[in-house]
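These notes concern the structure reproduced below.
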Amino acid sequence: MLFSQASSVARIGAVAGAVMLVASCGGGGGGGTFLPMVAPPPPATVPPVVKHSIGGTVTGLEGRLVLQNNAGDDLQLSADGKFTFATPLVEGSDYKVSIRTQPLWQFCTVTKDTGKASADVSDVTVACSAAAAKVETLAGTGSPGAANGKGTAASFLLPYGIALTKDGGLLIGDWGNNLVRKISPEADVTTFAGNGNFATVDGNGTAASFEDLTGLTVDATDTAFVADAGGHRIRKITPTADVTTVAGNGTNTTTDGNGTAATFNTPVSVAVDAVGNLYVLEYGGGVVRKITPTGDVTTLAGSSPRGFADGTGTAAKFGRGYNMAIDASGNLYVADSENHRIRKITPTGVVTTLAGTGTPGATDGPGDSATFSDPRGVAVDAHGNVYVADFGSSLLRRITPAGVVSTLAGQKGITGGQDGIGAAATFAQPLGLTINAAGTLYVADTFGNVIRKVTPVRAP
């Protein structure tokens, strides 16, 4: 018993000794200093990183707007309302909201755009408003003629078709002269193809001739296609001005087939898609035809007799139309002049009415209540806005993707050639229209015998 108690005491002493440290002075084993063991300090506490969101409100937006914060963190918007950037900022960081790209034909401004992220920010304000239209005369004296020259030293006779070339210039279907004219980016006007003779002759440049040429288009290779209305054919013009016949044989009917085995009834407008399909609007037939790159011609939409009906394929009907345009998705927009409407055709041939009641007029507003008067020119931009040369009213109109119609320039029912901004400008019954990537419009101001340039500017 005693032995057991002594052993327990020894074990307790040993444990107690284990919590003492011996500090040996020198290497010789003399007396040492005993120190108690000290526990390590707890790890330092790292304060949490506080971050704050940056956002605000956008109003008046029509189209696509891209905002940036601190020249990064892009945010794309397409409708009015609240917005918040995806990346929050560390508390105390600076923020700066700016516009990277704004919708075509709108100007947007940012207020309360800078500051420090000391709390969540929600009062950045972006206000967008419609641009004004600055109208200038690019080329033409205004008097009928066929003179080449620079800008307003040149002359035209009833210019109709108009299309952009790869270098930023234009091709013009000079209807009254039966010529294809070229306008360089520096506004030098030359004759590209045709000799003025009223005949269907293939050849190079002025060795070729047309029969009542009207609309034209240019594809990604800078090859032009011309609606030869009086010849009832579709013609092709290479960048080196070689003119050949793509489809049609001169017979004034609407017959499907391949190349010159097909027939057209007064083709007046052509459009080309991204893969090289051509689309043809027939003035006489009231239909839209499709030509594949291999020359197969079919009827996409519309049927005889002419009329008005939405629907798919031949269940739809059109009146006499003058021009059409195509968007990046392959949708066609037709100036259905006789019906005073703008029609839309999907790639599968579904036809709907984009805007216009069918009653002649110049009323702005939602598509189902807006009116047009014999619309003849049409163009579409990359954001889906459609522009209309309203021939009967001598106005330049715009339709948003939501179908809202507004007037960009011109004075209702007043014809003329006055340059200016918005309603200070006048047109003389324009037929042709095209638009470049920057939103600049070019107008074949037909009965003014001039080509006009229309650019968006900040409204006064």
Side-chain angles (χ1 to χ4, degrees), residues 58-65 77-81 102-108 127-135 308-310 318-319 321-325 327 331-345 351-381 383-415 420-427 429-430 433 435 439 441 443 454 456-460:
V58 60
T59 58
L61 179 61
E62 295 178 352
R64 291 197 295 269
L65 169 71
L77 304 172
S78 58
D80 287 352
Q102 57 191 351
L104 296 180
W105 285 88
Q106 279 204 303
F107 283 96
C108 302
C128 299
S129 59
K134 182 181 179 181
V135 181
F308 171 75
D310 288 338
F318 299 89
Y322 282 82
N323 267 305
M324 66 181 176
D327 68 15
N331 298 299
L332 291 162
Y333 299 86
V334 177
D336 192 355
S337 313
E338 192 171 32
N339 286 313
H340 309 290
R341 293 174 168 99
I342 304 301
R343 315 286 292 282
K344 179 180 178 180
I345 312 173
V351 180
T352 54
T353 298
L354 177 65
T357 65
T359 301
T363 303
D364 291 338
D368 58 1
S369 61
T371 58
F372 298 89
S373 181
D374 196 4
R376 296 194 181 184
V378 64
V380 58
D381 69 26
H383 295 176
N385 298 290
V386 177
Y387 303 82
V388 179
D390 205 0
F391 179 88
S393 297
S394 287
L395 298 175
L396 184 59
R397 317 284 293 282
R398 175 175 178 257
I399 311 171
T400 69
V404 179
V405 180
S406 59
T407 298
L408 291 179
Q411 300 176 35
K412 178 184 175 182
I414 298 176
T415 61
I421 294 177
T426 55
F427 297 94
Q429 297 179 299
L433 196 60
I435 188 168
L441 287 157
V443 182
V454 186
V457 296
R458 193 175 296 278

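In terms of heavy-atom proximity, Ala131 sits nearest to Pro456 at CB-CB, 3.8 Å. When all heavy atoms of Arg398 and Asn385 are compared, the pair lying nearest together is NH2-OD1, 3.2 Å. Among all heavy-atom pairs drawn from Gly361 and Ser393, the shortest one is O-OG, 3.9 Å. Of all heavy-atom pairs spanning Gly319 and Asn339, the tightest one is N-ND2, 3.0 Å. Closest approach of Ala355 to Val405, counting heavy atoms only: CB-CG2, 3.9 Å. Nearest heavy-atom pair, Leu433 versus Ala389, reported as atom, atom and distance to 0.1 Å: CD2-N, 3.7 Å.
With values rounded to the nearest 0.5 angstrom, Leu441 atom CG is found 4.0 Å from Ile435 atom CD1. Rounded to the nearest 0.5 angstrom, His340 NE2 and Asp374 CG are separated by 6.5 Å. Distance check: Asp336 CG to Phe308 CZ gives 7.5 Å after rounding to the nearest 0.5 Å. Taken to the nearest 0.5 Å, the CG atom of Asp310 stands 12.0 Å off from the NZ atom of Lys344. Taken to the nearest 0.5 Å, the CD atom of Gln106 stands 6.0 Å off from the CG atom of Leu61. Here the NE2-CG distance, from His383 to Leu104, works out to 5.0 Å after rounding to the nearest 0.5 Å.
Using a 4.5 Å cut-off on side-chain heavy atoms (C-beta onward), Phe372 and Ile399 make contact. Within the 4.5 Å cutoff, side-chain heavy atoms of Pro375 are placed close to those of Ile342. Counting heavy atoms from C-beta on, the side chains of Pro103 and Cys108 come closer than 4.5 Å. With a 4.5 Å cut-off on side-chain heavy atoms, Tyr333 and Val388 do not count as touching. Val386 has its side chain within reach of Val378: a pair of non-hydrogen atoms, C-beta onward, lies under 4.5 Å apart.
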Could you go through the side-chain contact (heavy atoms from CB on, under 4.5 Å) check for Tyr387 and Val454 one step at a time?
CA-CA 12 Å; Tyr387 303 82; Val454 186; over 6 Å; no
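Side-chain atoms of Thr371 come within 3.5 Å of backbone atoms of Ala362 as a donor-acceptor pair (strictly under, hydrogens ignored). Using a distance-only test at 3.5 Å, with no hydrogens or angles considered, a donor-acceptor pair links the side chain of Asp364 to the main chain of Thr407. Between the Arg64 side chain and the Leu77 main chain, no donor and acceptor come within less than 3.5 Å of each other.
Just one of Ser337, Pro360, Ser373 meets the side-chain contact (heavy atoms from CB on, under 4.5 Å) condition when paired with Asp390; it is Ser373.
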